[in-house]
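Keep in mind it's a predicted model, so treat the numbers as computed, not measured. Within every chain, numbering begins at 1; the chains are lettered A, B, ... in the order of the sequence lines, protein sequences first and strands thereafter.
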Amino acid sequence: MTFRRKVYVRFIRSNSIHHTPEKMRVSLTRACRFYTSPITPKPSFFSPRAILNQPFSSSSSSSSHSSTPKPKTPLFLKPPKYSATLSDLKKWHNWAKALASSVRSTFADSDNGPDSSILFRELNWLVEDSLEDPSLIPQLGFQNNSQSVRLRIGLDELYGLWKQRIEKRKPFQYLVGCEHWRDLVLSVEEGVFIPRPETELMVDLVSDVLVRDNDGLRDGFWVDLGTGSGAIAIGIARVLGSKGSIIAVDLNPLAAAVAAFNAQRYGLQDIIEIRQGSWFGKLKDVEGKLSGVVSNPPYIPSDHISGLQAEVGKHEPRLALDGGVDGLDYLLHLCNGTASMLKPGGFFAFETNGEKQCKFLKNYLENDSACSFCNVSIVSDFAGIQRFVTGFRQ
Amino acid sequence: MALAAQFLLRIPQLGSKNINFPSYKHRGNYQPLFLSCNYSTNDNCSSSSSSSSSKNYLELTDDELLRGCEIDTYKSSGPGGQHRNKRESAVRLKHVPTGVIAQPAEDRSQHKNHALALSRLRTLLALKVRSSVTLDAYSPPPQLLQILPPKSTIRSSEVGPQIGPNNPKFALGMQALLDLIFAVEGSVSEAAKLLGLSTGALSRLILSDDSLRMAVNEFRTSKGMKPLK
């Protein structure tokens with residue numbers, strides 16, 4: 001609760017930057033500050049922050065650029081400009097519940113999708129995000145309540161959304177425009193990969209390395225490749241030292257815009273730099289200087305895509321899922337590129353499809369002819385599935 | 001806080017202690033676990049300050065507490081990760097030495113599920129694990145003093161402001177209060193006297209937290225007394 005309230009306060013701040021003309025000027029001044037101000041000291045190439053503040057990074061941080069897609073506002077951050085009586089809301093809720101009940105285990109049986117109990121839970125979360133005051137939820141139990149409640153979405157739209165959830169199997173996160181991930185609430189929308197709970201551990205892996213750190217990794221450059229909504233980058237940005245920074249890369253302009261939105265909402269725009277580009281393509285300036293490279297690249301083997309649960313296969317961007325014939329195309333590309341990007345002692349962590357890919361990659365990295373890496377390890381996820389490959393540059 | 005990582009890496013390590021506790025049925029009637037220092041490896045006991053009271057699990061750090069837990073997460077069928085968009089990642093903690101199981105309602109993030117499970121476990125341990133209290137020359141531990149209202153006559157100003165049920169430290173005070181109430185066989189008036197409070201004031205404190213109220217009332221009912229209202 002407290003957390004959500006805090007988020008809302010943050011939103012008011014960042015939202016006003018976007019919408020009021022006066023604040024807009026502030027925002028632009030702020031964006032240009034590093035490039036134009038004569039007072040700004042000449043950036044030293046070896047200071048991470050200084051590099052991030054150089055002009056080539058400008059396209060990411062400003063939403064004023066006409067070609068930059070504008071991210072949608074997640075439901076829970078929308079202004080509560082709609083209203084409905086509690087009994088009308090209850091009517092919708094009953095209808096939505098009945099629709100969810102009718103699913104039973106049909107989705108689960110056909111493609112391992114959600115069953116009714118999971119849909120009920122999502123329905124509660126949808127109500128939570130729609131109501132201005134979620135503490136009214138218990139009152140939904142009473143019939144014939146003519147008390148009016150304020151909503152962030154019209155009742156007719158709520159009917160439409162839930163229909164899409166059940167009939168089109170649209171992912172719940174795309175209905176509400178957000179995903180709760182670690183202690184963050186990240187904006188996501190169609191076209192942007194929804195961060196998974198398994199990946200939450202990636203931040204802990206980095207955090208553990210930073211705790212043991214004696215090589216200045218904490219204050220160096222990090223890179224999150226294929227950042228999507230910016231989840232990993234934001235998680236890591238919050239555990240880095242005062243001089244540390246992270247570059248979040250994504251090929252998809254919409255993902256880059258959403259990641260920038262999320263980074264800004266957590267006040268991390270000066271620590272996270274978004275670059276739109278392919279893998280290492282836009283990272284020449286930091287070659288050999290990185291403290292860490294992390295990525296959750298597409299790793300699903302191509303022939304598995306058609307069998308995915310509809311929420312994933314029919315709605316999430318294939319670009320973020322399909323890892324080629326054996327799912328290893330991008331993971332191998334990452335392994336091959338990382339040696340020259342990391343500084344000695346630098347850390348890497350990659351998410352994989354599971355045991356088979358983990359073992360293959362560990363073997364591949366350990367038998368690298370240049371002996372670039374050491375301490376290559378496999379780490380399991382919360383369900384006990386071997387999920388991550390980690391290691392250090394020699 | 002590298003909570004999630006700890007969940008994965010810590011395998012229960014207390015198995016070697018061989019402590020025999022009464023078997024505990026999670027959903028059954030209220031069966032408090034009485035802990036006393038009658039097991040041989042009493043290194044756990046030495047840390048506790050006063051009286052013959054036992055090891056206090058609630059004083060352990062999250063990390064130490066987790067070392068005594070088995071952690072089950074929902075085992076998904078299939079490969080997980082990018083393949084899957086399904087929230088069934090509840091966390092179930094079983095505290096091996098006591099058998100207490102915590103499985104909180106599901107939150108929307110895995111990270112918070114872990115934190116919730118741990119805080120739920122702390123509350124359950126406070127409610128279920130009893131230590132014996134010597135009533136002669138009883139002096140409440142500081143954790144209990146902290147949850148008492150300022151008007152308590154045995155509470156000095158050094159104790160600081162009163163801690164409420166939403167404070168994570170409340171569990172420790174609640175545990176000590178329940179130890180006392182069990183020692184006086186459920187008599188609120190007798191416990192109140194020992195805490196320098198009126199019976200009404202102590203009742204209000206007990207009623208201020210649902211789990212505390214339920215634990216006291218269950219115990220009173222088992223003793224043939226009327227529940228507090």
Side-chain angles (χ1 to χ4, degrees), chain A residues 3 108 112-115 117-118 121-122 125 128 171-173 178-185 193-194 196-201 203-205 207-208 211 235 239 296-300 304 307-309 311-313 315-316 320-321 323 327 351-355 379-385 387, chain B residues 1-12 61-63 66-67 69-94 102-121 164-168 170 210:
Chain A
F3 173 71
N112 208 13
D115 60 12
S117 66
I118 290 174
R121 206 152 60 201
E122 292 182 357
W125 292 334
E128 202 177 288
F172 167 75
Q173 296 87 346
C178 75
E179 172 67 317
H180 291 225
W181 193 85
R182 293 184 67 84
D183 52 349
L184 307 165
V185 183
F193 178 73
I194 301 162
R196 301 292 197 262
E198 284 87 346
T199 314
E200 293 184 21
L201 190 63
V203 179
D204 295 297
L205 297 177
S207 170
D208 287 353
V211 167
V239 297
N296 174 18
Y299 54 60
I300 300 179
H304 291 195
L308 291 171
Q309 69 172 105
E311 284 80 4
V312 180
H315 294 275
E316 286 195 276
L321 303 168
E351 183 171 322
T352 77
N353 198 33
E355 184 178 342
V379 181
S380 297
D381 66 20
F382 61 74
I385 296 173
R387 181 66 63 194
Chain B
M1 169 165 74
L3 239 182
Q6 289 158 9
F7 270 88
L8 291 176
L9 303 174
R10 312 277 186 242
I11 306 299
T61 63
D62 286 354
D63 199 6
L66 278 174
R67 257 177 251 159
C69 288
E70 280 172 10
I71 298 121
D72 294 336
T73 40
Y74 182 91
K75 288 276 189 325
S76 58
S77 56
Q82 290 170 8
H83 288 257
R84 175 184 190 77
N85 178 358
K86 218 155 116 179
R87 316 289 203 74
E88 41 191 10
S89 45
V91 179
R92 181 176 171 275
L93 286 183
K94 181 178 179 187
Q103 180 165 12
E106 178 108 335
D107 194 84
R108 286 166 76 167
S109 96
Q110 182 65 15
H111 187 77
K112 283 201 207 153
N113 283 330
H114 284 140
L116 277 176
L118 202 56
S119 93
R120 182 77 193 129
L121 178 66
N166 292 331
N167 189 314
F170 187 79
D210 282 343

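With a threshold of 4.5 angstrom between heavy atoms, Phe193(A) approaches chain B through side-chain atoms but not through N, CA, C or O. Residue contact with chain B, scored on non-hydrogen atoms closer than 4.5 Å, involves the side chain of Glu351(A) exclusively. Using a 4.5 Å cut-off between heavy atoms, Ile300(A) contacts chain B through both its backbone and its side chain.
Of the N and O atoms on the side chains of Asp63(B) and Thr61(B), not one donor lies less than 3.5 Å from an acceptor on the other residue.
When Val211(A), Leu308(A), Val239(A), Val203(A) are compared by the number of non-hydrogen pairs under 4.5 Å with chain B, Leu308(A) comes out ahead.
Residue Glu200(A) holds its CD atom at 12.0 Å from CG of Leu205(A), rounded to the nearest 0.5 Å.
Pro165(B) is linked by a side chain to side chain contact (heavy atoms under 4.5 Å, CB included) to Phe170(B), Ser208(B), Asp209(B), counting only residues two or more places apart in sequence or in another chain. With sequence neighbours excluded, the residues that form a side chain to side chain contact (heavy atoms under 4.5 Å, CB included) with Pro171(A) are Gln173(A), Tyr174(A), Ile194(A), Glu311(A), His315(A), Asn85(B).
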